[in-house]
Asks: 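So that we are looking at the same thing, I have put the structure below in structure tokens.
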Amino acid sequence: QVQLVESGGGLVQPGGSLRLSCAASGRIFNIYDMGWFRQAPGKQRELVASITSDGSTNYPDLVKGRFTISRDNAKNTVYLQMNSLKPEDTAVYYCHAQIRVTIVRGSSDYWGQGTQVTVSP
């Protein structure tokens, strides 16, 4: 069984920074794309950042230049460094990973439980 466990959320003032971490554990053969999504109350879940297994990254315009995604393949962990945070960044942040658990099966999508990020004075 595969688990994604997030940490690092919390309350921060506008302009501040937070670093989220997400560690994958369990029966893992290979991890492909990893990423972070967020969902604010009353809104759809949206992509925040993604990273391929070889380190190529992708960001939507709303976070480009402020957020940085990285990963440590040896630790099966993905990180999200968030700088210059704004009140509109307030949301529950979810870790996502495409994971292959055995050599004979294709990859599946896995999600973390979510971590709350609140940006407020």
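The first residue of the sequence shown is numbered 1, and numbering continues consecutively from there. Small disclaimer: the values here were computed from a predicted structure and weren't measured.
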Asks: Quick one, Q116 with T90, criterion side chain to side chain contact (heavy atoms under 4.5 Å, CB included). Give me CA distance, side-chain angles, the key distance, then yes/no.
Replies: CA-CA 8 Å; Q116 177 70 44; T90 296; 3.9 Å; yes
Asks: If you group Ile, Leu, Val, Met, Phe, Trp and Tyr by side-chain heavy-atom gaps below 4.5 Å, do F67 and Y79 land in one group?
Replies: no
Asks: Are I51 and Y110 in one and the same hydrophobic cluster, where Ile, Leu, Val, Met, Phe, Trp and Tyr link if side-chain heavy atoms are under 4.5 Å apart?
Replies: yes
Asks: Please assess C95 against W111 for the test side chain to side chain contact (heavy atoms under 4.5 Å, CB included), listing each intermediate value before the final yes or no.
Replies: CA-CA 6 Å; C95 173; W111 294 89; over 6 Å; no
Asks: Rounded to the nearest 0.5 Å, what separates atom CD1 in I99 from atom CG in N76?
Replies: 7.5 Å
Asks: Please output the side-chain donor-acceptor pairs of residues 10-35 that fall under 3.5 Å, not counting sequence neighbours, one pair per line with the distance.
Replies:
{"from": "S17", "atom 1": "OG", "to": "N83", "atom 2": "OD1", "distance (Å)": "2.9"}
{"from": "Y32", "atom 1": "OH", "to": "R100", "atom 2": "NH1", "distance (Å)": "3.4"}

Asks: Indicate the atoms forming the closest heavy-atom contact of Q98 with D109, along with that distance.
Replies: CG-OD1, 3.4 Å
Asks: Once side chain to side chain donor-acceptor pair (under 3.5 Å) is applied, do any residues pair with K64, and if so which ones, sequence neighbours excluded?
Replies: D61
Asks: Within this structure, what is the OG1-CZ distance for the pair T57 and R71, rounded to the nearest 0.5 Å?
Replies: 11.5 Å
Asks: Give, for atom NE2 of H96 and atom CZ of F37, the distance between the pair rounded to the nearest 0.5 Å.
Replies: 6.0 Å
Asks: Give the cluster check for L85 versus V92: same hydrophobic cluster or not, with ILVMFWY residues linked at side-chain heavy-atom distances below 4.5 Å.
Replies: no
Asks: Looking at Q3, I want to see if its CD is surrounded by more than 12 non-hydrogen atoms of other residues, nucleotides or ligands under 6.0 Å.
Replies: no
Asks: Walk me through it: do R38 and V63 pass the test side chain to side chain contact (heavy atoms under 4.5 Å, CB included)?
Replies: CA-CA 12 Å; R38 70 186 183 188; V63 304; 4.3 Å; yes
Asks: Taking Y94 as the starting point, is it possible to reach V117 by hopping between hydrophobic residues whose side chains are less than 4.5 Å apart?
Replies: no
Asks: At their closest point, which heavy atom of M82 faces which heavy atom of Y93, and how far apart are they?
Replies: SD-CE2, 3.8 Å
Asks: Kindly indicate, with the supporting measurements, whether the criterion side chain to side chain contact (heavy atoms under 4.5 Å, CB included) is fulfilled by E88 and L62.
Replies: CA-CA 10 Å; E88 51 264 42; L62 56 93; over 6 Å; no
Asks: Quick one: does any side-chain atom of Y59 pair with a main-chain N or O of R66 as donor and acceptor, under 3.5 Å?
Replies: no
Asks: Identify the heavy atoms of P60 and A49 that sit nearest to each other, and give their distance.
Replies: CD-N, 4.5 Å
Asks: Does Q44 CD have over 12 foreign heavy atoms under 6.0 Å away?
Replies: no
